[in-house]
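Notes to accompany the following structure.
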Amino acid sequence: MRWSQTFIPTLKETPADAEIVSHKLLLRAGLVRKLTGGLYTFLPLGVRVLRKVEQIIREEMNGAGAVEVLMPALQPPDIWQQSGRYETARDVLFKVKDSAGREWVLSPTAEEVITSLAAGEINSYRQLPKNFYQVSVKFRDEIRPRFGLMRAKEFIMKDAYSFDVSDEAAMASYRKMYDAYTRIFARCGLKAFPVEADTGVIGGNFSHEFMVPAETGENEVAFCEACGYAANLEKATSGLPKTAARGIGGAVEKFATPGVVTIDALSRSPYGVPANRQIKTLVYIADSKPVIILIRGDDQLNETKFMAKTGAIAARPATPEEIVPLLGAKPGSLGAVVNVPAGVNVYADERLQGANDMTTGANEDGFHLKNVSLERDVKVTAWFDLRTVTAGEPCAKCGQPLKIRRAIEVGHVFKLGTKYSEKLHALYLDESGRQQPCVMGCYGIGVTRTVQAVIEQSNDKDGIVWPVAVAPFAVCITPLGVAPGSATMQLAEKIYAELGAQGVEVILDDRDERPGVKFKDADLIGFPLRVAIGEKSLAKGEVELKPRGGALMPVPAEDAVSRVLAWITANRQP
RNA sequence: CGGAGCGUAGCUCAGCCUGGUAGAGCACUUGGUUUGGGACCAAGACGUCGCAGGUUCAAAUCCUGUCGCUCCGACCA
C-alpha cells in the first residue's frame, strides 16, 4: 500500500474528548473517528487491525473445531421472551420498531437465535457435538459509553455456542474454547489471563473471563501469585476465618446510642465496639421485594454475589422512606433481631455464621443491641458468601496474601448448561431414544475492545507499539526523498515490490513530506519495523532498519529485504 | 437517572466575568526558500459563536428552555 493512496489522518494534537491513552492513540493514529457517543467509524488502518484480530480468531476457532455462521443482528422479541432475557437483559437491550409498529431487538448476543436454530436442526446425538461461531456487530444500550471502543453502543464481537450431549462433553468443549482463547490473545501479543467470573445475565453454571491488566480497566481482579488463583472481584473469595465465638455470652441487651448511625461512630468512645464485632444491616429491594442483608461491620456487601446467590434479577438499596415503615427505624439503627416483618428474607454473610457477642441496631432510632448471637437471636433465611474480598486477605487455596488489580475484560467463556436449550427446546434423542436437552456453552470475544486493549497495553510516549501479528502493516518504508527516479525512491520502490512479493504487509510512505513528519507519523502509528532510505546512508550503500522502540540498524542496501524478512520471522508472536 | 463541566474555523483553544467590528496556534490553498525527527517567509480561504426564545439601541457575552458531548456516580452479556 502506498501512503498517498490510502487515508491516514494522523493528529498532532490530542482530541478533547479522549481520556485514556489507547483512546487518544486510536484517534491520533488515524484508526477511528467518532460519529457520536459510543459509535465509531473505522478508517483504513483501523479496519486492517480489526481484520488481523478477526483472522487470528477465525483460525483458532476453526482449529478448535468450531464452524462459522452469521446470524441476524435484528431479532424478534418473542425468542427473548422465551429465554427470559427480555426481562433480565432489559437494561442493555436495544429495541426498535418497524413501520407497522412491531418491536424488534438488536442483538447483544445470540443465544436465543442459535438455540432456535439447534432446536430445528439438531435431532440426534449423532449430530453432536457442534460449535457455531460468528463475528458480527453487536448492540448494547449502554447508559454511559466511554473510553472509545472499550464501552460502545455498537461493537464487533465474536460469539460461539457449543452443543453437547452431556455435562462431561460440554466441559470438553469449554476446555477447547478456553485453550483457544489463551492462544488467541497470545497471538495478538496481549498479556491476558483467565479469571473465575460471575455469569451475570447470560447465566449458566460457571465462567471464566480473560483479562488484560490495565489501570484503566473497568474490572477488578483478585489474584494469588503463589498458587495462581484469580477471580473477578465480583466473584472472588478468600480464606478469612469466620468471626470468632466468645464463650456463651449474656442475654441480648438494649442500650442507648443517641445520634450514632455509623459503624465508625459505634466503634469510638464511649461505646468502643470494634467494627468486627458489629453487624451491618442493609435493606435492599430485590425484584420489588424488600430483603435484609447482614454482613460484618468491617466488610462490604458485594452486590453481584448477592444477586448471583439469591437469583435476584434487579436489586437496589432501599430508600429511608421504604425502610422506616418496614423496620421502624432509620438507616443507622437497623438490625434483624427484633421487629422483622414476616415474609422478609434475611440473608447473612457466612463470615457471621456462629458469631456471638455482636452488636447491631435495635430497629429503634438511637438504640443498639449487644450480646447478639446470630444463631440464637436472628432468624437467618440463608447464609451466603456476600462480602467483597480486599487486598492482603489470605488466598482460600494456599493462604498467601491476595492482590487486587484492575483489568480489561476481552473475553468470557460460559458453561451454560441447559438453561437455553430447555426454554427454547433444543432437544436431541440419545442412544436409547430418550429426549434430552443439549448441554450448551457460549464464548465471547470483544473484538473491537481487544484492538484497543492491545494499544492500551502496548504504547510509549511516541505512540502505539504494535505487535507484528496485529499491526496494520508490519513494515513501513520511508524514503527521505520521493522525487520520481531519485536513488532513494528507486530503491524504496524496489524493496517495496520485493517485500510485497514475499507476502510482507508493507506500506510505502511516498508522501513528499519532511523526514521529521514521516518519522513522527510512523512512530505514532507504531509500525513494528521502519526501513529508512536516505541519501546519507545510501552514499555508504546502506539503508536503516529501525524496530519500533528499538535501536537503529544500518544494513547493506542489497541485504535489506532478507534482513526485514528475518526480523519479522524472529519477532512474530507464537 | 443524579451531580459537575463544556459547546466559538477541520483540530486544540482564547474572547464571556464587565454587552459594542469574531481571534490565536496547528491544519488547508498559492508562491518562494528549505529538506535525517512534527521547517520558515509572504499572501489567502475557512464561522449562521450548538439550537430556539427572551432582555437590550446592540448578545458569542446576560436570562430561560432545549439538544449534544465529556467527567464523577448509579449501571455494565
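So you know, we letter chains A, B, ... as the sequences are listed, proteins then strands, and number each from 1.
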(request) Could you point out which residue of Asp299(A), Asp349(A), Asp385(A) forms a salt bridge (charged side-chain N to carboxylate O under 4.0 Å, His left out) with Lys305(A)? (result) Asp385(A)
Considering every strand and a 4.0 Å limit on heavy-atom distances, what is the contact class for [X]: base, sugar-phosphate, or nothing?
{"X": "Arg530(A)", "value": "base"}
{"X": "Thr14(A)", "value": "sugar-phosphate"}
{"X": "Arg90(A)", "value": "nothing"}
{"X": "Asp159(A)", "value": "nothing"}

(message) Below 30° counts as parallel, above 60° as perpendicular, anything between as tilted: where do the rings of Tyr181(A) and Tyr443(A) land?
(response) perpendicular
(request) Specify whether Phe94(A) and Phe139(A) have parallel, tilted or perpendicular ring planes, treating 30° as the upper limit for parallel and 60° as the lower limit for perpendicular. (result) perpendicular
Would you kindly give the [atom1]-to-[atom2] distance between [X] and [N], to the nearest whole Å?
{"X": "Glu13(A)", "N": "U12(B)", "atom1": "CD", "atom2": "C1'", "result": "4 Å"}
{"X": "Trp3(A)", "N": "G38(B)", "atom1": "CH2", "atom2": "C1'", "result": "12 Å"}
{"X": "Lys12(A)", "N": "G10(B)", "atom1": "NZ", "atom2": "P", "result": "18 Å"}
{"X": "Arg28(A)", "N": "G38(B)", "atom1": "CZ", "atom2": "P", "result": "14 Å"}
{"X": "Leu27(A)", "N": "G10(B)", "atom1": "CG", "atom2": "P", "result": "18 Å"}
{"X": "Asp521(A)", "N": "G37(B)", "atom1": "CG", "atom2": "C1'", "result": "11 Å"}
{"X": "Leu11(A)", "N": "A27(B)", "atom1": "CG", "atom2": "C1'", "result": "10 Å"}
{"X": "Arg514(A)", "N": "A27(B)", "atom1": "CZ", "atom2": "P", "result": "12 Å"}

(request) Mark up nucleotides 68-77 of chain B, 5' to 3', with B wherever a protein heavy atom is under 4.0 angstrom from a base atom, S wherever such an atom reaches only the sugar-phosphate, and - elsewhere. (result) SSSBBBBBBB
(request) Would you confirm whether the ring centroid of Phe206(A) sits within less than 6.0 angstrom of the ring centroid of Tyr174(A)? (result)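 That pair passes the under 6.0 Å test.
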(message) Need the pair for G20(B). Rule: Watson-Crick or G-U wobble, both distances under 3.5 Å, any strand; none if unpaired.
(response)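 Base-paired to C57(B).
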(message) If you only use heavy atoms from C-beta on, which nucleotide in G38(B), G37(B), U12(B) is closest to the side chain of Lys546(A)?
(response) G37(B)
(request) Output the distance between atom CD1 (Ile114(A)) and atom CD (Glu111(A)), rounded to the nearest 0.5 Å. (result)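 Going from CD1 on Ile114(A) over to CD on Glu111(A), the span is 10.0 Å.
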(request) Show the numbers, then the answer: is there a ring pair (Phe, Tyr, Trp, His ring centres under 6.0 Å) between His208(A) and Phe210(A)? (result) CA-CA 7 Å; His208(A) 287 87; Phe210(A) 284 77; 7.6 Å; no
(message) Less than 6.0 angstrom from the centroid, inside 45 degrees of the normal: does Arg175(A) satisfy that with respect to the ring of Tyr178(A)?
(response) yes
